[in-house]
Amino acid sequence: MAYPDFRPRRLRSTESLRKLVSETHIQVSDLVAPLFVSEVLAEPAEVSSLPGVFQHTQQSLLNEVAELVELGVPGIILFGLPKYKDAVGSEAWNPDGVVQVALSEISAKFGSEISIMSDLCLDEYTDHGHCGIVEQDGTVNNDKTLELYAEVALAQARAGAQVIAPSGMMDGQVGAIRKALDGEGYTDLPILAYSAKFASSFYGPFRDAVNVQIAGGGNRKAYQQDWHNSRESAVEVALDLAEGADMVMVKPALAYLDVISQVREQVDCPVAAYQVSGEYAMIKAAAANGWVDGDALMWETLTAIKRAGASFILSYFAKDVARELSS
Ligand code: PBG
């Protein structure tokens, strides 16, 4: 051993000493708050599997963003719950669609105070719940879906999105979106690519939040990554960067710290991590039963995600963290 006399416990003996030698700290500037906006609700509704998270009306969404701005949270990411769904998800690119309306209101009021990201996918808008166009045989058609993603990107850009975040895991999605954006002069609009996104059961509560059920009890294993594998994440990340992504994401976070750390080594651009709905719900549910200390686990998990290499974290804890840091 290199240091035979080193006794690591010596540096753990007091609170102040531990503080002095601690390496990783969560700051409010590390966080992005995911927000849900509904076209049908007259009042905001709490998502039962995500305590503290709401399906918002346009008005309650603005109030929530105002609060986040006040607390210094630097980013939000928007998800929409449309009134109408169809086979192709056409509300996703309707200029008057629920997310487009929210984007334009938020950017008019808070555009210079918070980064407004929009998730780009079709699953909230399709009646079958898949992230793209479904063929007769039940498969999702990659290339036809790309044409629609390009439309959605343009609708979101025109409405005021400041970061476009494609989450559908179609091959070539970043390139298709970049080309469409550049074609309309949105050359400065950045893309946050959900690059290493796994087909995870941790998304369960999110599907309550957006009212999405996949037809016939299906799943997304034919397009999202298989969680037995980590190496293909490197390929996904490399492809997305080659196609014009400005930042890449790993999702979920806590069960994928190895992937976050590998991607951090691989690239020099910002690496986002998404602490997803199921990660939040597990902590909240266990804490509600008195089985764990939920607040302590919030800090421990977020710090672990940052320690693994995340540049910033999308998390339903964003507001709680900001509140605690400002109190
Ligand atoms: C796709 C999308 C999903 C999430 C973010 N974007 C769901 C999915 O891929 O099934 C999940 C986020 C979470 O669980 O918090 N639109």
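As the structure is a computational prediction, the values presented were derived from the model and not from experiment. Remember, it's 1-based here, ligands and their atoms both numbered in the order they're listed.
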Colleague: Below 4.0 Å, non-hydrogen atoms only: which portion of Val210 touches ligand 1? Side chain, backbone, both or neither.
Modeller: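 For Val210, there is no contact with ligand 1 at all, from either part.
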Colleague: Can you tell me which residue and heavy atom of the protein come closest to atom 14 (O) of ligand 1, and the distance to 0.1 Å?
Modeller: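 Going atom by atom, the protein heavy atom closest to atom 14 (O) of ligand 1 ends up being Ser277 OG, 2.7 Å.
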Colleague: Are a donor atom and an acceptor atom from the side chains of Trp93 and Gln100 found within less than 3.5 Å of each other?
Modeller: no
Colleague: Look at atom 12 (C) of ligand 1 and say which protein heavy atom is nearest, naming residue and atom and giving the distance to 0.1 Å.
Modeller: Phe206 CD1, 3.3 Å
Colleague: May I ask you to list the atoms of ligand 1 that are less than 4.0 angstrom from any heavy atom of Cys121?
Modeller: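 Near Cys121, the atoms of ligand 1 are 1 (C), 16 (N).
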Colleague: Under a 4.0 Å N-O cut-off, is there an ion pair linking Glu135 with Lys144?
Modeller: yes
Colleague: Which word best sums up how the rings of Tyr316 and Phe36 line up, parallel for under 30°, tilted for 30 to 60°, or perpendicular for over 60°?
Modeller: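 If you compare the ring of Tyr316 with that of Phe36, the planes turn out parallel.
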Colleague: For atom 15 (O) of ligand 1, what's the nearest protein heavy-atom neighbour? Residue, atom name and distance, please.
Modeller: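 Answer for atom 15 (O) of ligand 1: Tyr316 OH, 2.6 Å.
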Colleague: Would you call Glu124 a ligand 1 contact, heavy-atom distance under 4.0 Å?
Modeller: yes
Colleague: Got more than 12 heavy atoms from elsewhere within 6.0 Å of CG, Asn229?
Modeller: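 Yes.
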Colleague: For ligand 1, which atoms sit closer than 4.0 Å to a heavy atom of Arg207?
Modeller: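 Here the atoms of ligand 1 in question are 8 (C), 10 (O).
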Colleague: Do Ser195 and Glu236 have side-chain atoms, one donor and one acceptor, less than 3.5 Å apart?
Modeller: no
Colleague: In terms of atom number and element, which parts of ligand 1 are under 4.0 angstrom from non-hydrogen atoms of Lys197?
Modeller: 1 (C), 2 (C), 3 (C), 6 (N), 8 (C), 9 (O)
Colleague: Do other residues, nucleotides or ligands put more than 12 heavy atoms under 6.0 Å from Trp227 CH2?
Modeller: no
Colleague: Working note: Arg220 + Asp123, criterion salt bridge (charged side-chain N to carboxylate O under 4.0 Å, His left out); need CA distance, chi angles, decisive distance, verdict.
Modeller: CA-CA 11 Å; Arg220 309 203 195 292; Asp123 60 329; 3.2 Å; yes
Colleague: Checking a contact table here: which protein heavy atom is nearest atom 8 (C) of ligand 1, and how many Å away?
Modeller: Arg220 NE, 3.5 Å
Colleague: With heavy atoms of Tyr274 as the reference, note each atom of ligand 1 found under 4.0 Å away.
Modeller: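 Contacts of ligand 1 toward Tyr274, numbered from 1: 12 (C), 15 (O).
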Colleague: Could you check whether any side-chain heavy atom of Val65 comes within less than 4.5 Å of a side-chain heavy atom of Ile114, counting everything from C-beta outward?
Modeller: yes
Colleague: Provide the number and element of each atom of ligand 1 under 4.0 Å from a heavy atom of Asp123.
Modeller: 1 (C), 16 (N)
Colleague: For atom 4 (C) of ligand 1, what's the nearest protein heavy-atom neighbour? Residue, atom name and distance, please.
Modeller: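 Going atom by atom, the protein heavy atom closest to atom 4 (C) of ligand 1 ends up being Lys251 NZ, 2.6 Å.
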